[in-house]
Amino acid sequence: MEEKGAENAVAAMAACYQGFDPAAYLQYNYTPPRADFERKDSIVPWKLACLHRAFTEGDVSGELLVDIGSGPTLYQVMSGCEVFNKVLLTDFLEVNRQELRRWLQDEGGCSLDWTPYLQHVCKLEGQRPSAWTEKAAKLRQVIMDIVPVDVHCPQPLALDALPSAGADCLVSCFCLESASPDLAAFTRALGNIGRLLRPGGHLLLIGALGESYYFGGPGVKIPVVPLNEAQVCASLKESGYTLIRLEVYTLPQDMRVGVDDVSGVFFVKAMKE
């Protein structure tokens, strides 16, 4: 009975996403003030700096990086494409996969110009901002596919999507807490995606703190599991990860723009035991 209830809750979450609008979501979260590259306290530069540091410390390495729940965004793999020869993007929604394909195929029609992001990451890497064109080309070269994912399945990806050894690194940003009906489902999802990772592989996780909802489009209100730092740490431990680092960003008042009730963001670097 309990299992049936959990299945129904997950199905209800999936139904919430039917009206998801990638263009609106990108506008809400990936334009100023949240993506102001001139500001030290803007959230997007903070996320990019966390990812850059994690990918350049020397311990995250291998052949294959898998992004779990990419949404319509690419920023989360811009540093990783310098470390990994293969990058797999994944999302539950076909509209998001289409948005990513448009960028990958370079045919225009993208809902967001990723140039400022690429330029900022080049700057973090000590390159000139004009190197963004080479970085974009490299990213297109290493992205091997964009495939469906369901973090609530014990096997979240199609069986043939990954080599049998698993991925060397997973990155996941704002996916698990916004796809899960409750904390138990969030923890199970962490365990499910962990099955895709080789032992000793790394997980880079970014998520919302204290958020109960966000808008995935005009009038599309999606519930979120409101997490605190202690719950994130406990869920990681329960799911077989060793925490390496947890960092927290608190949203300044003017970043609270009415599209969600998020109070902070966490960044986790962890390793699969």
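This one's a predicted model, so the numbers in the text were calculated from it and none came from an experiment.
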So which of Thr90, Thr73, Asp91 actually passes side chain to side chain donor-acceptor pair (under 3.5 Å) with Asn96?
Asp91

State, to 0.1 Å, how close Leu197 and Leu203 come at their nearest heavy-atom pair, and which atoms those are.
CD2-N, 4.3 Å

Find the distance between CG (Leu89) and CG (Asp67) and round it off to the nearest 0.5 Å.
5.5 Å

Which heavy atom of Gln76 sits nearest a heavy atom of Cys173, and at what distance?
CB-SG, 3.7 Å

Check whether the ring centres of Phe92 and Tyr17 lie less than 6.0 Å apart, and answer yes or no.
no

Quick one: are Val171 and Ile68 in side-chain contact, heavy atoms under 4.5 Å?
no

Let's go through Thr242 and Glu273 carefully: what are the C-alpha distance in whole Å and the side-chain angles of both, what is the deciding distance for side chain to side chain donor-acceptor pair (under 3.5 Å) to 0.1 Å, and is it a yes or a no?
CA-CA 6 Å; Thr242 301; Glu273 291 164 8; 3.2 Å; yes

If you group Ile, Leu, Val, Met, Phe, Trp and Tyr by side-chain heavy-atom gaps below 4.5 Å, do Leu209 and Leu243 land in one group?
yes

Tell me the closest heavy-atom pair linking Asp21 and Gly217, and the distance in Å.
CB-CA, 4.0 Å

Check the pair Glu99, Ser111 against side chain to side chain donor-acceptor pair (under 3.5 Å), reporting the backbone distance first and the verdict last.
CA-CA 7 Å; Glu99 177 69 33; Ser111 300; 2.9 Å; yes

May I have the step-by-step check of side-chain contact (heavy atoms from CB on, under 4.5 Å) for Leu205 and Leu170, ending in yes or no?
CA-CA 8 Å; Leu205 189 67; Leu170 300 180; over 6 Å; no

Ignoring hydrogens and angles, tell me if any N or O in the side chain of Arg102 forms a donor-acceptor pair with the backbone of Gly109 under 3.5 Å.
yes

Please determine whether residues Leu74 and Val142 belong to a single hydrophobic cluster, defined as Ile, Leu, Val, Met, Phe, Trp and Tyr linked transitively by side-chain heavy-atom distances below 4.5 Å.
yes

Is the backbone of Asp36 close enough, under 3.5 Å, to the side chain of Ser42 for a donor and an acceptor to pair up by distance?
yes

Does the side chain of Glu229 come within less than 4.5 Å of Leu246's, by heavy atoms?
yes

Verify same cluster id: Met271, Tyr241 (apolar side-chain graph, 4.5 Å)
no

Under a 3.5 Å distance rule, please check whether Asp261 uses its side chain to pair with a backbone N or O of Ser212 as donor and acceptor.
yes

Measure from NZ or CZ of Arg39 to the centre of the six-membered ring of Trp46 and say whether it is under 6.0 Å with the direction within 45° of the ring axis.
no

Of all the heavy-atom pairs spanning Pro156 and Leu196, show the shortest one and how long it is.
CD-CD2, 4.0 Å

In terms of heavy-atom contacts, Gly19 and Val220 come closest through O-CG2, 3.4 Å

Within the 4.5 Å heavy-atom criterion, are Pro45 and Lys40 side-chain neighbours or not?
no

Please check this pair: side chain of His152 against backbone of Ala179, looking for a donor-acceptor N/O pair closer than 3.5 Å.
yes

Can we say Lys135 and Glu82 salt-bridge, meaning some charged N sits less than 4.0 Å from an Asp/Glu carboxylate O?
yes

Taking every non-hydrogen atom, the tightest pair across Val149 and Gly69
CG1-N, 4.1 Å

Any donor-acceptor N/O pair, Tyr249 side chain to Phe267 backbone, under 3.5 Å:
no

Could you check Phe37 against Val44 for side-chain contact (heavy atoms from CB on, under 4.5 Å), going step by step and ending with a plain yes or no?
CA-CA 8 Å; Phe37 295 106; Val44 165; 4.0 Å; yes

Donor-acceptor contact present, side-chain Ser239 to main-chain Thr187, <3.5 Å
yes

Please determine whether residues Leu26 and Val259 belong to a single hydrophobic cluster, defined as Ile, Leu, Val, Met, Phe, Trp and Tyr linked transitively by side-chain heavy-atom distances below 4.5 Å.
no

For a 4.5 angstrom cut-off between non-hydrogen side-chain atoms, does Val248 reach Val265?
no

Under 3.5 Å donor-acceptor, Lys123 side chain and Arg128 backbone:
no

Are Ser70 and Ile146 packed together at the side-chain level, in the sense that at least one heavy-atom pair is separated by less than 4.5 angstrom?
no

Check whether Ser178 reaches the backbone of Cys175 with its side chain - one donor and one acceptor, N or O, closer than 3.5 Å.
yes

Chi angles and distances behind the side-chain contact (heavy atoms from CB on, under 4.5 Å) call for Tyr117, Leu48
CA-CA 9 Å; Tyr117 287 74; Leu48 290 172; 4.2 Å; yes

Where the side chain of Arg256 meets the backbone of Leu251, is there a donor-acceptor pair that is under 3.5 Å apart?
yes

Whether the side chain of Glu63 engages the backbone of Asp168 through a donor-acceptor N/O pair (distance < 3.5 Å, no angle test) should be reported.
no

Please report the interatomic distance NZ(Lys272) to CZ(Arg195), rounded to the nearest 0.5 Å.
8.5 Å

Please determine whether ring pair (Phe, Tyr, Trp, His ring centres under 6.0 Å) holds for the pair Tyr30 and Tyr28, giving the CA-CA distance in whole Å, both sets of side-chain angles, and the decisive distance to 0.1 Å.
CA-CA 6 Å; Tyr30 293 97; Tyr28 297 159; over 10 Å; no

Give the cluster check for Phe84 versus Val147: same hydrophobic cluster or not, with ILVMFWY residues linked at side-chain heavy-atom distances below 4.5 Å.
no

Measuring only between side-chain heavy atoms, which start at C-beta, is Arg97 closer than 4.5 Å to Pro148?
yes

I would like to know whether Lys86 and Asp145 meet salt bridge (Lys or Arg N to Asp or Glu O under 4.0 Å); could you show each step before the answer?
CA-CA 9 Å; Lys86 294 178 181 173; Asp145 209 349; over 6 Å; no

Run Arg101 and Glu107 through salt bridge (Lys or Arg N to Asp or Glu O under 4.0 Å) and show every step you take.
CA-CA 9 Å; Arg101 277 188 216 110; Glu107 292 167 354; over 6 Å; no

Starting at SG of Cys50, measure out to NZ of Lys269 and round the result to the nearest 0.5 Å.
11.5 Å

Stepwise side-chain contact (heavy atoms from CB on, under 4.5 Å) check, Thr115 with Gln119:
CA-CA 6 Å; Thr115 307; Gln119 288 172 332; 3.8 Å; yes

For residues Ile143 and Leu88, determine if any side-chain heavy atom of one lies less than 4.5 Å from a side-chain heavy atom of the other.
no

Test the Lys221-Tyr213 pair against the cation-pi criterion, namely NZ or CZ under 6.0 angstrom from the six-membered ring centroid and within 45° of the ring axis.
yes

Salt bridge or not between Lys47 and Glu247? Use side-chain N to carboxylate O under 4.0 Å.
no

For residues Tyr214 and Phe174, establish whether the separation of their ring centroids is below 6.0 Å.
no

Would you say Leu51 and Phe55 make side-chain contact, with heavy atoms under 4.5 Å?
yes

In Å and rounded to the nearest 0.5 Å, what is the CZ to CG distance from Arg34 to Asp254?
10.0 Å

d(Met255 CE, Thr250 OG1) to nearest 0.5 Å is 12.0 Å

Supply the atom-to-atom distance Trp114 CH2 to Leu139 CG, rounded to the nearest 0.5 angstrom.
10.5 Å

Are there more than 12 heavy atoms of other residues, nucleotides or ligands under 6.0 Å from atom CD of Gln105?
yes

